[in-house]
Peer 1: 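Here it is, the structure, as C-alpha cells.
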There are 2 protein chains.
Amino acid sequence: MTKASALHRPHLVKRLAAEGIRLTAQRKMLVEIIQDSSDHLDAASLLRLAKKRDSHIHRATVYRTLDLLKRLSLIDELDLMHLEGEKHFYEVRTKSEHFHLACFRCGKIVEHKTPTFELLKKEISKQTGFRINVIRLEVGGECRNCGAQSSNLPRKVGVP
Amino acid sequence: MTKASALHRPHLVKRLAAEGIRLTAQRKMLVEIIQDSSDHLDAASLLRLAKKRDSHIHRATVYRTLDLLKRLSLIDELDLMHLEGEKHFYEVRTKSEHFHLACFRCGKIVEHKTPTFELLKKEISKQTGFRINVIRLEVGGECRNCGAQSSNLPRKVGVP
DNA sequence: CATCTGATGCGACTGAGTCGCATTAAGTCA
DNA sequence: TGACTTAATGCGACTCAGTCGCATCAGATG
Ligand SMILES: [Zn+2]
Ligand SMILES: [Zn+2]
Ligand SMILES: [Zn+2]
Ligand SMILES: [Zn+2]
C-alpha cells in the first residue's frame, strides 16, 4: 500500500457516497487497486489485478467503473504518449497538478510539477474564458539517462 | 485549400523525399487532405475523404501513412479530450506550439497559444534533463459561451 | 526501359470495448 | 432484522477499429 492510498481512500469513498452512488464491493476493490498501484494502470492491467482478488469480476464492470470515476473526476485518464499501443492509463486525481514525461527509448514514465504549469493554467482560463475542468500535459522525448548515452539504441516512436 | 497547405506542402514533400520515402500518389493525397482540412481529422474521416478522390484506397494504407507521418514528426496526434469516443485526431505539426481546448457542452475545439507554454517547455527540459520531442497540452472544460448561459444543458463528460 | 524494392490492396483475423438482459445485492425503512 | 426497490453486476454475443501476411503494383534510379 502506497502513501497515496491511506490519504485518499476515505475521500474517494465519501465522494462516491455523496453522489448517491452505491458502494459495491467491486467498486471498492477497483478503487483500492488503482490507488495502491505504484504504476499507471490501463483497463486490462486493472482487470488482471482485480481477478486476482475476485476471479469472477467481469471486464464490463471494470470499464463501467472507470467511466464512473472519470465522470466524477476522481481519476484522470492518461495516454503516456501511447508508448505501448493505444492504451489509456488511469491515476487518482490529486489536488496538485502534475504531468508526465515518457522516454521513447527506455519507456520510463516520470512525473513532474512546476509552478509555471499552475500559472499557465490560470493564464489560459483568463485568456480564453474557459472554465477548466481537466488539463492534461504530456511530454515525449529522451530522458537524461538515455540522452547521456547518446546511443544508437532502437527507438520506439516519434523520433524525427 | 487553407493557408496552411500552401505553406507546408512543399516542406512536407521535401521531408519525405529527404528520408528516402517513396512519394506515392496515396501519400500525397493523404497529406493534402490533412493539410487542407479545417477540422482535426480522425482516421475514419481521413479514409472517407480519401475515398471520395480514389475509391480504391484501403484503410490499411491510411493507418500506415498516419504511422509514418507520426514517426517523422510531420503530424501530431491529439485526443481532444475524447470528446467523441476514443478517436485520435491529427494535424500538421507547425513550428509554433499551440494547444487545444475542448468544450464539454458544445463540443467546440479552440486552438490557443501563449508564451508561457513555450517557457514551460524550456523549463521542463532544463529541470528534468529530457530532450523534448513531442509535447501535448489538452484542456477540457466549459467555453465562455456555454459558461455565460450557466445553463443546465446536458453534459458530455468529465464534469464533477 | 528494365530492374529492384518498398508500398498498396486485400481480406481474414484479433481483441478491446459495448450492449441488453437476467440475476444479485446495496441501501432503506418498517 | 427482514422485506422491498432499484441500481449494479455477470454474462456472452456482438461490433468494429486496427493489424497482418502475402500477392501484386508502381516509385526511383541509371
Ligand atoms: Zn530513457
Ligand atoms: Zn501520474
Ligand atoms: Zn488517447
Ligand atoms: Zn461550449
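Below, chains carry the letters A, B, ... as their sequence lines are ordered, and counting in each starts from 1.
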Peer 1: Using whole Å, what does the distance between atom C1' of nucleotide D:dG10 and atom CE of A:Met29 come to?
Peer 2: 13 Å
Peer 1: Could you tell me whether the side chain of B:Tyr90 reaches within less than 4.5 Å of the side chain of B:Leu74, counting heavy atoms only?
Peer 2: no
Peer 1: Could you give the NZ-to-P distance, from B:Lys28 to C:dA7, as a whole number of Å?
Peer 2: 14 Å
Peer 1: Using whole Å, what does the distance between atom P of nucleotide C:dT18 and atom NE2 of B:His82 come to?
Peer 2: 12 Å
Peer 1: What residue among A:Arg71, A:Arg93, A:Lys70 forms salt bridge (Lys or Arg N to Asp or Glu O under 4.0 Å) with A:Glu77?
Peer 2: A:Lys70
Peer 1: Looking at C:dG17, does its base get a donor-acceptor pair with the side chain of A:Arg64 below 3.5 Å?
Peer 2: no
Peer 1: Measure the distance from CZ on B:Arg59 to C1' on C:dT14 and round it to the nearest whole Å.
Peer 2: 12 Å
Peer 1: Among B:Glu138, B:His112, B:His40, find the one that has a side chain to side chain donor-acceptor pair (under 3.5 Å) with B:His100.
Peer 2: B:His40
Peer 1: Need the bend value for the helix from C:dC1-D:dG30 to C:dA30-D:dT1: angle between end axes, 5 pairs each end, nearest 10°.
Peer 2: 50°
Peer 1: For the residue pair B:Ala50 and B:Leu30, what are the closest heavy atoms and their distance?
Peer 2: CB-CD2, 3.8 Å
Peer 1: Do B:Glu123 and A:Thr116 get their side chains close enough for a donor-acceptor pair, meaning under 3.5 Å?
Peer 2: yes
Peer 1: Is A:Thr61 close enough to D:dG10 that one of its side-chain N or O atoms is under 4.0 Å from OP1 or OP2 there?
Peer 2: yes
Peer 1: D:dA7 P sits how many Å from A:Asp67 CG, rounded?
Peer 2: 18 Å
Peer 1: Starting from the 5' end of DNA chain C, give me the residue, A:Lys87 or B:Arg22, whose nearest nucleotide shows up first.
Peer 2: B:Arg22
Peer 1: Would you say a side-chain N or O of B:Gln26 is under 4.0 Å from OP1 or OP2 of C:dG9?
Peer 2: yes
Peer 1: Report yes if a side-chain nitrogen or oxygen of A:Thr24 is closer than 4.0 Å to either non-bridging phosphate oxygen (OP1 or OP2) of C:dA25; otherwise report no.
Peer 2: no
Peer 1: Both A:Tyr63 and B:Ile57 contact DNA chain C. Taking the nearest nucleotide for each, which residue is further toward the 5' end?
Peer 2: B:Ile57
Peer 1: In whole angstroms, how far is the C1' atom of D:dG27 from the CG atom of B:Leu68?
Peer 2: 15 Å
Peer 1: Give the ring-plane orientation class for B:His82 versus B:His88, where under 30° counts as parallel, over 60° as perpendicular and anything between as tilted.
Peer 2: tilted
Peer 1: Toward the 5' end of DNA chain D, which comes first, B:Ile21 or B:His88, by nearest nucleotide?
Peer 2: B:His88
Peer 1: Answer yes or no: is there a side-chain heavy-atom contact under 4.5 Å between A:Ile124 and B:Phe117?
Peer 2: no
Peer 1: Could you list by number each residue of residues 39-56 of chain B showing a heavy-atom separation from DNA chain C of less than 4.0 Å, or answer none if no residue does?
Peer 2: B:His56
Peer 1: Which nucleotide wins on minimum distance to the side chain of B:Ala60, given the candidates D:dG27, D:dA8, C:dG11?
Peer 2: C:dG11
Peer 1: Measure the distance from NE2 on A:His58 to P on D:dC14 and round it to the nearest whole Å.
Peer 2: 15 Å
Peer 1: Under a 4.5 Å cut-off applied to non-hydrogen side-chain atoms, are A:Leu137 and B:Phe99 in contact?
Peer 2: no
Peer 1: Please report, rounded to the nearest Å, how far the C1' atom of D:dA8 is from the CG atom of A:Leu23.
Peer 2: 12 Å
Peer 1: Cluster question for you: counting only ILVMFWY and a side-chain heavy-atom cut-off of under 4.5 Å, with indirect links fine, are A:Leu23 and A:Leu69 together?
Peer 2: yes
Peer 1: Please check this pair: side chain of A:Thr65 against backbone of A:Thr61, looking for a donor-acceptor N/O pair closer than 3.5 Å.
Peer 2: yes
Peer 1: Just to be sure I understand the rule, does A:Arg27 reach a base, reach only the sugar-phosphate, or reach nothing, if contact means heavy atoms closer than 4.0 Å?
Peer 2: sugar-phosphate
